Protein chains: 2
Amino acid sequence: MSGTAVSEMKRFRDDTCQVFCFNRETVQAISRQMLEAPVVERLSGTFKVLGDRTRVMVLYALSKHELCVCDLAAILKMSRSAVSHQLRVLRDARLVKYRRDGKMVYYSLDDRHVLSLFEQGLEHVAHEQPDRDRQD
Amino acid sequence: MSGTAVSEMKRFRDDTCQVFCFNRETVQAISRQMLEAPVVERLSGTFKVLGDRTRVMVLYALSKHELCVCDLAAILKMSRSAVSHQLRVLRDARLVKYRRDGKMVYYSLDDRHVLSLFEQGLEHVAHEQPDRDRQD
DNA sequence: TGAACATATGAACAACTGCTCACATGATAA
DNA sequence: TTATCATGTGAGCAGTTGTTCATATGTTCA
């Protein structure tokens, strides 16, 4: 794939767009502005962590009050093990922090942005009801 | 699981927290405030859609300019089929809209909140570098 | 020390996701 | 109509994810 002529392009499989289709300049301009791979990785990674029922509930509960694993499990009606696994994910994503007090471990939110993200998300969700398959 | 005595609880498996562990009142208070299931569902669903490299790049590209599938595929260096599949997910989540013009279909952002979400996400990500395993 | 208990974690498994491939759909133009 | 092209989509698959189970870790208290 170098200086191949357009006529030869037709032989290529469909695995990348074979011609700079219709807006070569736009494509190049946006390609230059595109987010760098590690940024995309971290950004999608953060959203992925938020993209799970259990973790959403954990974060919401923690936004109300610092809680130990056992209380979280009771609130979510889930096993402590499952909650603990998810808390690890949230810790790794730096969305929660913890503090040890004897046998207990108390978790709380560790990010000033999580709540803003939640609110933005809720706003999107609030305007979500209407008709299917909008074309414009 | 009704009025079972605490001493009997020990026989239960670990699948839900067997005692209202340490903060019965907090647990009950937060349980009452908890988000309703459908809200949790839609909220985590929205974040899940944003939690993917390809879709993050698609949305970012569309935030710069309305684009057809072929141009998007060229920008992302991916097959048109893959991009088309992801555009369907984004459409279903009401994050993009489209407009037909002859054979072409042009996509653009369909949500005033997506960009705010992106910015919040980027802010979180920006403060993410430092030391591992913070305990406080 | 050892028992009891809160939490953490590895393995395993079922469910889900994102890609490719092949084909379908829908539009344009001869 | 047919040929061509942009896009859409179903099946299949490899890779990922979230839970359970069993067990490990780490703390308190006798």
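The chains referred to below are lettered A, B, ... by the order of the sequence lines, with proteins before strands, and numbering in each begins at 1. All of these numbers come straight from a predicted model, not from anything done at the bench.
The nearest whole Å value for the distance from the CG atom in A/D92 to the C1' atom in C/dA8 is 12 Å. The distance from atom CE of A/M104 to atom C1' of C/dA4 is 14 Å, rounded to the nearest whole Å. The separation between A/Y106 atom OH and C/dT7 atom C1' is 13 Å, rounded to whole Å. Atom C1' of nucleotide C/dT17 and atom CZ of A/F47 are separated by 19 Å, given to the nearest angstrom. Atom pair B/H85:NE2 and D/dG8:P shows a separation of 10 Å (rounding to whole Å applied). Atom CD in B/E41 sits about 13 Å away from atom P in D/dG18, given to the nearest Å. Taking atom CZ on A/R99 and atom P on D/dG26, their separation rounds to 20 Å, with Å as the unit. The nearest whole Å value for the distance from the NZ atom in B/K48 to the P atom in D/dG18 is 7 Å.
Counting only distance, with no hydrogens or angles, the side chain of B/R55 and the backbone of B/V49 share a donor-acceptor pair below 3.5 Å.
The side chain of B/S79 contributes no N or O atom lying less than 4.0 Å from OP1 or OP2 of C/dC19. Phosphate proximity of C/dG18 to B/R55: present, with a side-chain N or O under 4.0 Å from OP1 or OP2. Here A/S84 does not reach the OP1 or OP2 of C/dT7: none of its side-chain N or O atoms lies under 4.0 Å away. Within the 4.0 Å cut-off from OP1 or OP2 of D/dG8, not a single side-chain nitrogen or oxygen of B/R80 is found.
Cation-pi geometry between B/R91 and B/Y98 is satisfied (NZ or CZ under 6.0 Å from the ring centre, within 45° of the ring normal).
Contacts of B/R53 with the nucleic acid, taken as non-hydrogen atoms under 4.0 Å apart, are absent.
Within the 4.5 Å cutoff, the side chain of B/H124 has heavy atoms near those of the A/L95 side chain.
Side chains of A/H113 and B/Q120: no donor on one and acceptor on the other come within 3.5 Å.
Between B/R112 and A/E123, no side-chain nitrogen of the basic residue sits less than 4.0 Å from a carboxylate oxygen of the acidic one, so the salt-bridge criterion is not met.
Across the interface with DNA chain C, nearest-nucleotide mapping of A/Y107 and B/Q86 shows A/Y107 to be the residue nearer the 5′ end. Of the two residues contacting DNA chain D, namely A/D101 and A/G51, the nearest-nucleotide position lying further toward the 5' end is that of A/G51.
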